[in-house]
Amino acid sequence: MKENVKNCIRYIRSITDFVPKIGLILGSGLGDYGEKIQVEAEIPYADIPGFPVSTAPGHRGRFLMGYVEDVPVICMQGRLHYYEGYSMEQVLMPVRVMRGLGADILFLTNAAGGIRPSFYPGDLVVIYDHISLFGVNPLIGPNDDEDGVRFPDMTKVYDRKLCEIIAKAGLKHDIYIQSGVYMQLTGPSFETPAEIRLCRTLGADLVGMSTVPEAIAGRHLGMRVCAISLVTNLAAGISPAPLSSEEVNEMGRQAAPLFTSVVTTAISMMKDI
Ligand code: HPA
């Protein structure tokens with residue numbers, strides 16, 4: 001594993017010996033989930049030597065380590081995005097740190113634009129596959145064989161059992177969670193209506209600016225990966241309304257109680273798998 005990742009792990013280990021099972025990464029406007037965690041340790045990114053600091057609106061910058069319903073979790077409150085100017089290596093650092101601390105499940109969340117006509121703002125959607133042909137592959141560069149193989153298989157990036165658990169967790173809260181294909185673009189500009197028509201033609205149900213780099217890194221590291229999107233808006237051109245990050249964050253706030261319940265139930269159901 002690369003030296004800077006090892007340094008981060010060493011620093012965190014100097015503070016806590018907590019071993020997480022699940023690495024949870026929170027998306028735009030969803031950062032309040034941290035309140036659900038019975039916190040054992042709180043580590044601001046700024047305190048970790050060599051760790052990048054998040055600048056996106058709606059994002060805090062810290063790791064929370066603690067228990068969600070008895071399940072040990074490390075939660076990234078404030079994700080790093082490629083559009084902020086970080087290198088892919090920096091974007092992947094948190095996943096590598098989570099893995100190095102012991103997490104074997106990676107639970108990703110995000111805010112996304114809805115492309116499929118059956119998706120509405122406020123819907124939760126399980127990601128069962130992704131398209132990232134327009135982004136930069138995050139594993140470009142020398143391969144660290146300690147991490148994983150040079151050409152990792154991506155047939156099932158999103159673990160079927162974990163997808164099922166998320167769907168069942170939704171049913172426990174009386175909501176039907178649909179599933180979809182997530183298209184990752186780099187951002188930071190939102191898409192044009194023509195780009196969204198292209199995404200739809202290529203098979204995308206959702207669009208967003210995150211998640212896929214971490215999911216690829218998680219698979220590369222041999223983690224079991226799952227992801228859930230909160231549809232915060234209809235994608236460009238599907239509704240005539242202009243898009244804004246305020247709208248994305250506001251929907252995050254509105255959907256927070258439901259999102260919190262579903263994620264918490266899903267995590268509790270992942271305890272023994
Ligand atoms: N496009 C890209 N990213 C997003 C969107 C969108 O419409 N909504 C939330 N994140």
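Start at 1 and go down the list; that is how both ligands and their atoms are numbered.
Side chain to side chain, His130 and Thr211 fail the donor-acceptor criterion of an N or O pair below 3.5 Å. Thr109 and Tyr33 are not linked by any side-chain donor-acceptor pair at a separation below 3.5 angstrom, with hydrogens and angles left out of the test.
Cluster membership check: Ile127 does not share its hydrophobic cluster with Ile115, using side-chain heavy-atom separations under 4.5 Å among Ile, Leu, Val, Met, Phe, Trp and Tyr.
In this structure, Tyr128 and Lys156 have side chains that are not in contact, with every pair of non-hydrogen atoms separated by 4.5 Å or more.
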Anything under 3.5 Å between an N or O on ligand 1 and a protein N or O? List each pair with its distance, or write none.
unit_1: ligand 1; atom_1: 1 (N); unit_2: Glu191; atom_2: OE1; d: 2.8
unit_1: ligand 1; atom_1: 1 (N); unit_2: Glu191; atom_2: OE2; d: 3.3
unit_1: ligand 1; atom_1: 7 (O); unit_2: Asn233; atom_2: ND2; d: 2.9
unit_1: ligand 1; atom_1: 8 (N); unit_2: Gly113; atom_2: N; d: 3.3
unit_1: ligand 1; atom_1: 8 (N); unit_2: Asn233; atom_2: OD1; d: 2.7
unit_1: ligand 1; atom_1: 10 (N); unit_2: Ala111; atom_2: O; d: 3.3

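Screening Cys75, Pro20, Pro94 against Phe63 for a side-chain contact (heavy atoms from CB on, under 4.5 Å) leaves a single residue, Pro94.
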Tell me, with the steps shown, if Phe18 and Tyr67 meet ring pair (Phe, Tyr, Trp, His ring centres under 6.0 Å).
CA-CA 10 Å; Phe18 183 87; Tyr67 293 93; 5.3 Å; yes
